[in-house]
Amino acid sequence: MSKIKLLNIVGARPQIIKASAISRAVRNNFSDHFTEIIVHTGQHYDKDMSDIFFDELEIHKPDYNLGVGSAKHGRQTSMMITGIEDVILKEQPDCVILYGDTNSTLAGALAASKLHFPVIHIEAGLRSFNKRMPEEINRIMSDHSSTLLFAPTNAAFKNLMNEGFRPENSPPYTIDNPKIYLTGDIMYDNALFFAELAERKKTSFLDQLKIERDNYILATIHRDINTDNAERLETILTTFRSLAEEYSITFVLPLHPRTTVSLKTNLGTLYNELNDCRFIRIIHPVSYLEMILLEKNSRMIITDSGGVQKESHFFRKPCIVLRKETEWVELVKNGTAVLADADPSKIKSEFIRLLKNLPDFDYPGFYGDGKTAEFILEEIRLMFEKV
Ligand code: UD1
Ligand code: UDP
């Protein structure tokens, strides 16, 4: 029997990391069944936003890089659609795999579904119920163009049912008869796989940054609501500075390039002041192994990132979320993540509560058993076997 040809679409940093879980499972357990093509849209292109992950996570270099780069949503997405369409027509894959909710995800969904190639959406069903987020539009459109939808959490699975998806559908699955699954999260697979390796391979990284285990706060900011609004960004960063100084604790900020651009352009004086502050360590984006080392050893995490929120749970750290809402609602229900938006008094009060009086939190296994990639690949295999 010929192998099933998977065409993976990646573009943004977290998608490269997610694709590595699928690639690893193909290599280790399914090499007789699948071949993989990787298409990189080029949405992220700096070395520390892209190449570094291919090197470190041992995924083969992209078979195609569309080199789309940064642009406004419509222009960027349309260039991606054009490029992905050409690759699909040339490669004639059995299916197209999409990850998450970026413009690269949406472009893949539109290109593949219009050409009648089955779309497989990993991380389906997540909703913020805030359609001003570009990601919310991307998720909804991608889910409704998909044939197999893998929801990572109970909440995501329920969201799909509320939108009319039916778990009882039987094969053959098509875009009009899609199948939804409750799986775990492939990012949990990655966290388990790489956590110990990070400790081993990056032993001196904390020393290089001159920070000590359990004695620093890790913070990331990259959402458009926080970066493109100078007032919000200023509020968040000045709140960090005052907490760092008052409690003499270092804040480590591996800044996304979007945030650095905004900070330098709109808040140049603050940027210089932060760089001069002994408790603020602004650094370039770090590799995935470095990031999980920083997460594992931090005292607390403050972020607007989806991936980093979950990783705070994987590594049993409390998390303050710089947003009004989250798709990872189980974290907030559990009390281990709190929504603080960009409200300085809320950020401060939660910070103090979590720093001084860390409750004895429980970190339940919301995200599967670490073998989600294998589950997903087995279901894809069965789909093609049954056709
Ligand atoms: C994108 C995703 C977001 C995801 C994030 C992960 C969309 C709409 N957003 O947001 O869901 O959480 O990736 O990191 O798809 N830039 C560089 N170098 C790079 C990449 C970006 O300098 O390698 C700068 C450019 O100024 C660019 C800006 O970052 O305009 C934003 O990049 P873009 O890919 O459009 O969105 P992200 O904010 O990265
Ligand atoms: N990450 C990383 N280096 C960094 C910041 C984040 O490797 O400097 C990883 C992080 O550990 C997580 C993923 O990137 O696995 C999250 O990506 P990001 O925050 O860019 O996007 P989101 O998850 O919000 O879409």
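For clarity, every value in this text was computed on a predicted model and none was experimentally measured. Basis for what follows: all heavy atoms, side chains included, without hydrogens, waters or symmetry-related copies.
Ion pairing between Lys346 and Asp341 fails under the 4.0 Å rule for side-chain N and carboxylate O. Comment: Glu196 does not engage Lys202 in a salt bridge, judged by the lack of any side-chain N to carboxylate O separation of less than 4.0 angstrom. Salt bridge annotation for Arg353-Glu350: present, with a cationic side-chain nitrogen under 4.0 angstrom from a carboxylate oxygen. Looking at Arg381 and Glu385, a side-chain N of the basic residue comes within less than 4.0 Å of a carboxylate O on the acidic one, giving a salt bridge. For the pair Arg223 and Asp228, the salt-bridge criterion is not met [side-chain N within less than 4.0 Å of a carboxylate O]. Under a 4.0 Å N-O distance rule, the pair Arg213/Glu199 qualifies as a salt bridge.
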Kindly determine whether Phe314 and Tyr367 satisfy ring-ring contact (aromatic ring centres under 6.0 Å, His included), including the steps that lead there. CA-CA 9 Å; Phe314 303 157; Tyr367 301 104; 5.6 Å; yes
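Connection of Val39 to Ile81 is not established within any shared hydrophobic cluster, with ILVMFWY side chains joined at heavy-atom distances below 4.5 Å, either directly or through further cluster members. By the criterion of side-chain heavy atoms lying less than 4.5 angstrom apart, applied directly or through intervening Ile, Leu, Val, Met, Phe, Trp or Tyr residues, Ile120 is not grouped with Ile175; the two fall into different hydrophobic clusters. Placement of Leu66 and Leu89 within a single hydrophobic cluster is found when ILVMFWY residues are connected by side-chain heavy-atom separations under 4.5 Å, directly or transitively. In the hydrophobic clustering of ILVMFWY residues, with side-chain heavy atoms under 4.5 Å counting as a link, Tyr288 and Tyr188 come out together. Residues Leu160 and Tyr99 do not share a hydrophobic cluster, defined by chaining ILVMFWY side chains whose heavy atoms lie under 4.5 Å apart.
Here the straight-line distance linking atom CG of Asp51 with atom NZ of Lys61 works out to 6.0 Å at 0.5 Å rounding. Within the model, atoms NZ of Lys158 and CG of Leu182 stand 10.0 Å from one another, a figure rounded to the nearest 0.5 Å.
Between His144 and Phe165, the two ring planes are tilted [angle within 30° to 60°].
Lys317 contributes no side-chain N or O that, together with a main-chain N or O of Arg299, makes up a donor-acceptor pair within less than 3.5 Å.
Only one option out of His44, Gln43, Gln76 pairs with Ser104 in a side chain to side chain donor-acceptor pair (under 3.5 Å); it is Gln43. Partner of Arg127 under the side chain to side chain donor-acceptor pair (under 3.5 Å) criterion, out of Glu163, Glu136, Glu325, Glu135: Glu163 alone. For the side chain to side chain donor-acceptor pair (under 3.5 Å) test with Asp304, the passing option among Asn226, Thr227, Thr259 is Asn226; the others fail.
Closest non-hydrogen pair, Ala19 versus Val10, comes out as CB-CG1, 3.7 Å.
Listed by chain and number, the residues in a ring-ring contact (aromatic ring centres under 6.0 Å, His included) with Phe361 amount to none (sequence neighbours excluded).
Within the cation-pi definition used here (under 6.0 Å to the ring centroid, within 45° of the axis), Lys179 qualifies as a partner of Tyr181.
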